[in-house]
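Presented below is the structure to which this report refers.
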Number of protein chains: 4
Amino acid sequence: MQQIADEAGIAKGTLYLYFKDKEDLLASVADSELDKLRAEIDRAFLEETGLEETLRHIVAAQFTFFEEHSEIFRVYHEVAGVGRMKHKRDCHPRFQAFLDRLAGLFRRAMAKGELRKANPEGLAIFMVEGTFGIIVRRIAGARKGSLKDEVELVVGTILRGMQAGRSRR
Amino acid sequence: MQQIADEAGIAKGTLYLYFKDKEDLLASVADSELDKLRAEIDRAFLEETGLEETLRHIVAAQFTFFEEHSEIFRVYHEVAGVGRMKHKRDCHPRFQAFLDRLAGLFRRAMAKGELRKANPEGLAIFMVEGTFGIIVRRIAGARKGSLKDEVELVVGTILRGMQAGRSRR
Amino acid sequence: MQQIADEAGIAKGTLYLYFKDKEDLLASVADSELDKLRAEIDRAFLEETGLEETLRHIVAAQFTFFEEHSEIFRVYHEVAGVGRMKHKRDCHPRFQAFLDRLAGLFRRAMAKGELRKANPEGLAIFMVEGTFGIIVRRIAGARKGSLKDEVELVVGTILRGMQAGRSRR
Amino acid sequence: MQQIADEAGIAKGTLYLYFKDKEDLLASVADSELDKLRAEIDRAFLEETGLEETLRHIVAAQFTFFEEHSEIFRVYHEVAGVGRMKHKRDCHPRFQAFLDRLAGLFRRAMAKGELRKANPEGLAIFMVEGTFGIIVRRIAGARKGSLKDEVELVVGTILRGMQAGRSRR
DNA sequence: GATGAATGAGATTTCATTCAT
DNA sequence: GATGAATGAAATCTCATTCAT
């Protein structure tokens, strides 16, 4: 809490004027800042640009957002997904909602025959956590390279896989 | 530590007979048990069954091992990869070695033309962390389904992607 | 630490706001209060009143200070000289500096022919630890008697010894 | 206790077959080994060689004994004199007895006019603790020099003091 | 008797939370 | 509202002591 207050440039006690406790703070901070990311992802889901563009939009939004808000990523990761599931048995409702929405996107694409049949929830988790794995390493400075390439790696792999001779339509 | 001791049915102080401190305990527990997983993954890397079978072997080994050692996964995840990178700036050497080896496998496959050109380290991270995402949810009880299907989801996606009309050779 | 906190009328945790750890606390407490004693001893060394008066001044300062700060003596003795040498292999730098200064005083007096030739460091240690031995017993209540007599005992013995017929100038 | 057991070449538990608890062990160990020193000091007190030789004998016995039993000195110092007075309010009965005997020696010498009048208990404490101060530093390796010189420093100072022109009878 | 693994009370230290200013 | 010194519950760690083998 001291560390958070320091970075925020306010006093430790002041935090408790705005947040009930630490958990509330973590959730709220992530929540409020993340609204920008959520808005962007919302837009991705709503615009009717087809599966590939939608995925590209979502993944690019994540890379871009956390590139500029690396402090938040730590909190987000702690409170939202895998990090939280080590304490509680579920992930954050908002995060779950995002996963569900992504799974829904996959499910519809499977129904339309755009994607082959598979477990849509699993695919959503796989893509999102895999993406987070790459983001963590970027934040730690262990990866350079353009965001564009990272996005292409994720979306290209999910859609077309890595097998040669199948990569371009 | 008290909690760990309680679960182990021994006294708090007893833990310190076997481990220097908390960090040592976490690392050691994971390390010793994980040797079985490492051995299995070693075997996967060494047998010459082709890229697809090797990947399948690795991923299946991970799912199977953590299915039976779910307690370890928490520790492992904390000490090895993403979890650790939130405290330190690098991941565990053994984990990094695994990532490197996997990246090497990808790199050679790319050189041979089996896989299309991409960033092999990024691909390794993506696959491993994505897999862990699924494992966490299985452990939490949020996912049922056969291990075979989970493996197929991961390996199939990595190799062939999800786009319809490209899934079988 | 609990005991110290209790006596100070504050909470255990509060101690750690002011001191890094237990050792720091012990050293600091002794250090800060001891500045008064150090100042007095400094004065003794600096005023040019001759060997005998200087020694009398130093020894009197020690008796007087620890008479009024008996709590400190315990800490001081633990952290500074003999007490510390049972843990570490040296005594506290400040204490060593005091011993050196005293030895220097003796050395110069020997050079001038005021004192007979002997090992000045040994003499300094002997006088200081001997003095501390008496102080401990005063603090414990095992000795009454005027401070003046105690000082006379120490300084008189060091300078003129106890042999009869040699005691007065 | 582990350390003590190791040095003794027996198991920790075995210590408790012979000693009730740690304090008992420290006291007993010191006691039994110290019997040799006590015997020597007894001899010093009993032989009728005059004050100076008696003191020389006592001090030499202490230097010699602790030179060869430096491990004991730590215990002895903790359990007997100044060290103990930081916990309890008195020193060890045996140590007190030694101090009393030494003070008695001084008192008789004062009565006979061999020593000038002073506080015999204080003188005993001063001499013994001063001697211990030098011994500690020898054990720590901070002092070299012959035992003979150390003895001479102590006894010479006590009897004749350091003032020039008074040193030899 | 001897052992040393196990114990647990107690010591040190941390840190989320409170509250007087 | 804002502050940060103070708190104390809980965490980590130590070590004298016990007891099954």
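Since we're looking at a predicted model, the values are computed, not measured.
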Q) Between CG of C:Leu37 and CD of C:Glu68, what distance do you get to the nearest 0.5 Å? A) 11.0 Å
Is there any protein nitrogen or oxygen under 3.5 Å from a nitrogen or oxygen in nucleotides 17-21 of chain E, and what are the pairs?
{"from": "E:dT17", "atom 1": "OP2", "to": "A:Tyr16", "atom 2": "OH", "distance (Å)": "3.1"}
{"from": "E:dT17", "atom 1": "OP2", "to": "A:Lys22", "atom 2": "N", "distance (Å)": "2.8"}
{"from": "E:dT17", "atom 1": "O4", "to": "A:Lys12", "atom 2": "NZ", "distance (Å)": "3.1"}

Q | ring-ring contact (aromatic ring centres under 6.0 Å, His included) against A:Phe66, all qualifying residues, sequence neighbours excluded | A | A:Phe73, A:Tyr76
**Q.** Separation of C:Thr64 OG1 from C:Lys36 NZ (nearest 0.5 Å)
**A.** 14.0 Å
Q: Figure out the CG/P separation between B:Leu15 and F:dC15, and round it to whole Å.
A: 17 Å
**Q.** Separation between CE of A:Met1 and CZ of A:Phe19, rounded to the nearest 0.5 Å
**A.** 8.5 Å
Q. Can you tell me how far C1' of E:dT3 sits from CD1 of D:Ile10, to the nearest Å?
A. 10 Å
Q) Between D:Glu129 and C:Arg137, is there a side-chain N and carboxylate O pair less than 4.0 Å apart? A) yes
**Q.** Consecutive-pair stems (3 or more, Watson-Crick or G-U, under 3.5 Å) for DNA chain F
**A.** E:2-21 with F:2-21
**Q.** Touch class at under 4.0 angstrom, heavy-atom based, for A:Tyr18 against every strand present
**A.** sugar-phosphate
Q.
To the closest 0.5 Å, what do you measure between CG (C:Leu99) and NE2 (C:His92)?
A. 12.0 Å
Q. What's the CG-P distance between D:Asp6 and E:dT3, to the nearest Å?
A. 12 Å
Q) Can you check the C:Leu17 CG to E:dC15 C1' distance for me, whole Å? A) 11 Å
Q. Between atom CD in B:Gln3 and atom P in F:dA11, what is the gap in whole Å?
A. 8 Å
Q: First locate atom NE2 of B:His69, then atom CG of B:Leu34, and finally report the distance between them rounded to the nearest 0.5 Å.
A: 9.0 Å
Q.
Measuring from atom OG1 of C:Thr131 to atom CZ of C:Phe63, what distance do you get when rounded to the nearest 0.5 angstrom?
A. 5.5 Å
